[in-house]
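Residue numbers count from 1 along this sequence. Every number for a ligand or one of its atoms is a count from 1 in the order of the listing.
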Amino acid sequence: MTATAPTTTPPRKIRIATASLAGCFGCHMSFADIDTRLLALSEWVTFDRSPLTDWKTVGECDIALIEGGVCNAENVEVLRAFRRAARILVAVGACAINGGLPAQRNHHRVEALLTHVFETDRHLAPGSRVPNDPELPLLLEHVHPIHEIVRVDYYLPGCPPTAEVIWTFLMDLLAGREPHFPYPMLRYD
Ligand code: SF4
């Protein structure tokens, strides 16, 4: 079932921000899978900070779509900034909802993982060390779903959520309807 677009033009363009934290950009790709409907969407919304725009900081916006869990200090900072800026914050995809596949690292100590990848792997050049430049964000001991850091208003399940789910969700919000997904539209893989 395809959602219907808003019947009346919103009084002002809805402002949407998007972010990828510990994500793979697959949820953003699924968003792009709405294909030519992006043209229709551009009539109703404008984009704030997003991998699709050049805004470096997030400004006040109506909807924040967050892909990815939280794996490092920078993710925490960005997520909190999006929460402060957005009226509605949405966890998009399995990683944002429950940490997703990256959370499999929670079975190991982060120090052991870093040492293995950067120092003891047999393919490394002699003398390789774990990167320690202060510009690099420190990894958290565990990968977290975003609701462990900030309040979340909606969850879009799937890895990634389908383009139909993303489209239906946005059309519902733009039309002022409570988002609703028919059962066949939902998936967690
Ligand atoms: S939910 Fe899946 S598609 Fe989305 S960021 Fe995570 S791994 Fe990528």
Do the charged groups of Asp153 and Arg83 touch, with an N to O distance under 4.0 Å? yes

Mind checking whether Phe169 and Tyr154 have parallel, tilted or perpendicular rings, split at 30° and 60°? perpendicular

What protein heavy atom sits nearest atom 2 (Fe) of ligand 1, and how far off is it? Cys159 SG, 2.3 Å

re atom 4 (Fe) of ligand 1, the protein heavy-atom contact at minimum distance is Cys27 SG, 2.3 Å

No-hydrogen, no-angle side-chain donor-acceptor test under 3.5 Å, His28 and Ser20: no

Need the ligand 1 atom indices (1-based, order shown) with element for anything under 4.0 Å from a heavy-atom of Pro160. 3 (S)

Note the single closest protein heavy atom to atom 1 (S) of ligand 1, along with its residue, its atom name and the distance in Å. Ala94 N, 3.3 Å

Under-4.0 Å salt bridge between Arg15 and Asp62: no

When you measure from atom 6 (Fe) of ligand 1 to every protein heavy atom, which one gives the shortest distance, and what is it? Cys95 SG, 2.3 Å

Do side-chain atoms of Glu67 reach the backbone of Val92 as a donor and acceptor pair under 3.5 angstrom? no

Atoms in ligand 1 flagged as close to Glu67, the criterion being non-hydrogen separation under 4.0 Å: 5 (S)

Ion pair check, Arg37 and Asp35, cut-off under 4.0 Å: no

Which heavy atom of the protein is the closest neighbour of atom 8 (Fe) of ligand 1, given with residue, atom name and distance? Cys24 SG, 2.3 Å

